[in-house]
Amino acid sequence: LSDGIIASTDLLAAQIKLILPKCSVLVLPYWRSFDLKYFPRHNFPKRPYPVVGYMGTQTHADDLALILPDIDELLSRNSSLVFETFGLQMPKQLAEKYPNRCSTLLKVDSYEQFLSVLSSLGWWLGLAPLTKNTFNYCKTNTKFVEYVQAGIPVLASDFGPYVNTPSISSAVSLSEHFSWLINIEQVLFSRKKRDLLFASQLEYCSQFSDSDLL
């Protein structure tokens, strides 16, 4: 009965048009404002030891499960590495196997608190795996933008909202098994690659900084 629908992404709009071909659909230019002024005022100190993190609600457990074998192997191969989750429970298999290096951070009560805590974590790298289904295909890249806003370089699945986000070149596609392990180690243990990756991602996110357009 709606006269029109506002969709957050082109991918979502296309799915809506398949169901309601006669309905008018307006697509937003972007959905999560990126504040370029945020960076000169913050130093984003990193931890003195490598920390990889994943943030998301418990509804993203299936996404994280995609790369659990790779994280397990990563922790096994690198004894100084720490893995943290923020917003969802640490998978039991990792918590039991690496009790001193895997932890779940406390949830917060508001979005403002979430952004503040995320910026203070000092993660060397944030992960954004995504299971391949129609629902995820239509999502926004908000998680990616939030990571970068917090000063955290990102490795994301080459799917849906993350298809055009900057990543690192690799001989192995992120869609193949163990490629997450290869890519994580490349970025994690090369400061130069990490800085170059973040610089490209910062430039990408700057297109979402026009609040007037939004």
Side-chain angles (χ1 to χ4, degrees), residues 6-13 26-47 50-57 60 63-64 67 84-88 105 108 110-131 136-170 173-175 180 183-184 186-188 190-214:
I6 300 174
S8 54
T9 70
D10 291 310
L11 302 175
L12 177 59
L26 173 70
V27 183
L28 292 176
Y30 61 92
W31 39 89
R32 167 61 166 81
S33 186
F34 186 80
D35 187 0
L36 285 171
K37 298 177 182 179
Y38 193 65
F39 288 91
R41 302 196 304 271
H42 294 76
N43 192 27
F44 300 124
K46 299 300 181 185
R47 308 244 195 115
V51 185
V52 175
Y54 178 84
M55 62 90 169
T57 62
H60 291 276
D63 295 330
L64 180 57
I67 59 172
E84 295 178 344
T85 57
F86 181 28
L88 79 168
L105 305 173
V108 294
S110 70
Y111 189 63
E112 289 74 17
Q113 282 182 295
F114 160 73
L115 295 176
S116 177
V117 172
L118 186 65
S119 298
S120 70
L121 294 177
W123 288 353
W124 289 27
L125 186 64
L127 305 178
L130 202 59
T131 53
N136 282 343
Y137 181 74
C138 296
K139 283 184 176 179
T140 70
N141 63 3
T142 300
K143 183 192 292 288
F144 185 96
V145 175
E146 287 169 341
Y147 272 134
V148 177
Q149 184 78 73
I152 303 170
V154 194
L155 284 183
S157 289
D158 185 20
F159 174 74
Y162 304 138
V163 165
N164 297 317
T165 56
S167 188
I168 62 171
S169 59
S170 172
S173 166
L174 277 177
S175 63
W180 279 88
N183 281 274
I184 290 171
Q186 280 189 34
V187 177
L188 204 58
S190 170
R191 174 67 182 270
K192 182 178 180 181
K193 286 186 177 182
R194 206 160 60 246
D195 288 347
L196 287 173
L197 175 64
F198 184 73
S200 65
Q201 293 177 341
L202 182 59
E203 182 179 359
Y204 166 83
C205 288
S206 67
Q207 67 183 294
F208 307 123
S209 60
D210 186 348
S211 57
D212 291 334
L213 178 62
L214 180 62

Legend entry - Min side-chain heavy-atom separation L125-L155 under 4.5 Å: yes
Inset, instruction - Would you check if V145 and W31 make a side-chain contact, meaning some heavy-atom pair closer than 4.5 Å? - result: no
Inset, instruction - May I ask you to check whether Y111 and F114 place their ring centres under 6.0 Å from each other? - result: yes
Inset, instruction - For T9 and C138, indicate whether the former's side chain and the latter's backbone hold a donor-acceptor pair under 3.5 Å. - result: yes
Inset, instruction - Under the side chain to side chain donor-acceptor pair (under 3.5 Å) rule, collect the residues that match up with D10, sequence neighbours excluded. - result: none
Legend entry - Whether F144 and Y162 hold their rings parallel, tilted or perpendicular, with breakpoints at 30° and 60°: tilted
Inset, instruction - Drop me the distance from M55's CE to L88's CG, to the nearest 0.5 angstrom. - result: 11.0 Å
Inset, instruction - Walk me through it: do F159 and K139 pass the test side chain to side chain contact (heavy atoms under 4.5 Å, CB included)? - result: CA-CA 10 Å; F159 174 74; K139 283 184 176 179; over 6 Å; no
Inset, instruction - Examine distances only and state if a side-chain atom of W124 and a backbone atom of R47 form a donor-acceptor pair shorter than 3.5 Å. - result: yes
Inset, instruction - Say whether, by atom type as modelled, one donor and one acceptor occur between the side chain of S119 and the main chain of L115 under 3.5 angstrom. - result: yes
Legend entry - Where T142 and T140 come nearest, the two heavy atoms and their spacing: OG1-OG1, 2.6 Å
Inset, instruction - Mind checking the CG-OG1 spacing from N141 to T165? Nearest 0.5 Å is all I need. - result: 7.5 Å
Legend entry - Heavy-atom pair with the smallest gap, counting every atom of P129 and S157: CA-OG, 3.3 Å
Legend entry - Over 12 non-hydrogen atoms of neighbours within 6.0 angstrom of CD in E203: no
Inset, instruction - Tell me, yes or no, whether the heavy-atom count around R191 atom CZ, taken from other residues, nucleotides or ligands under 6.0 Å, exceeds 12. - result: no
Inset, instruction - Evaluate the side-chain proximity of T131 to H60: yes if any heavy-atom separation is below 4.5 Å, no if none is. - result: no
Legend entry - CA sep, side-chain torsions, deciding dist, call: I67, Y54, side chain to side chain contact (heavy atoms under 4.5 Å, CB included): CA-CA 11 Å; I67 59 172; Y54 178 84; 5.7 Å; no
Inset, instruction - Answer yes or no: is there a side-chain heavy-atom contact under 4.5 Å between L64 and T85? - result: yes
Inset, instruction - Indicate yes or no: at least one non-hydrogen side-chain atom of L196 is less than 4.5 angstrom from one of K192. - result: yes
Inset, instruction - Locate the shortest heavy-atom distance separating Y147 from A128; write the atom from each residue and the value. - result: CE1-CB, 4.4 Å
Inset, instruction - Count the heavy atoms belonging to other residues, nucleotides or ligands that lie under 6.0 Å from CD1 of I6, then report whether that count exceeds 12. - result: no
Legend entry - Minimum heavy-atom distance P153-R194, with the two atoms named: CG-CG, 3.7 Å
Inset, instruction - Search all heavy atoms of Q113 against all heavy atoms of V108 and return the closest pair with its distance. - result: CB-CB, 3.8 Å
Legend entry - Minimum-distance pair of heavy atoms, taken over all atoms of V148 and L202: CG1-CA, 3.9 Å
Legend entry - E84 side chain vs G53 backbone, donor-acceptor pair below 3.5 Å: no
Legend entry - Whether F208 and Y30 hold their rings parallel, tilted or perpendicular, with breakpoints at 30° and 60°: tilted
Inset, instruction - Would you confirm whether Q149, through its side chain, and F34, through its main-chain N or O, come within 3.5 Å as a donor-acceptor pair? - result: no
Inset, instruction - Side-chain contact test, heavy atoms from C-beta onward, threshold under 4.5 Å: evaluate it for N136 versus D63 and give yes or no. - result: yes
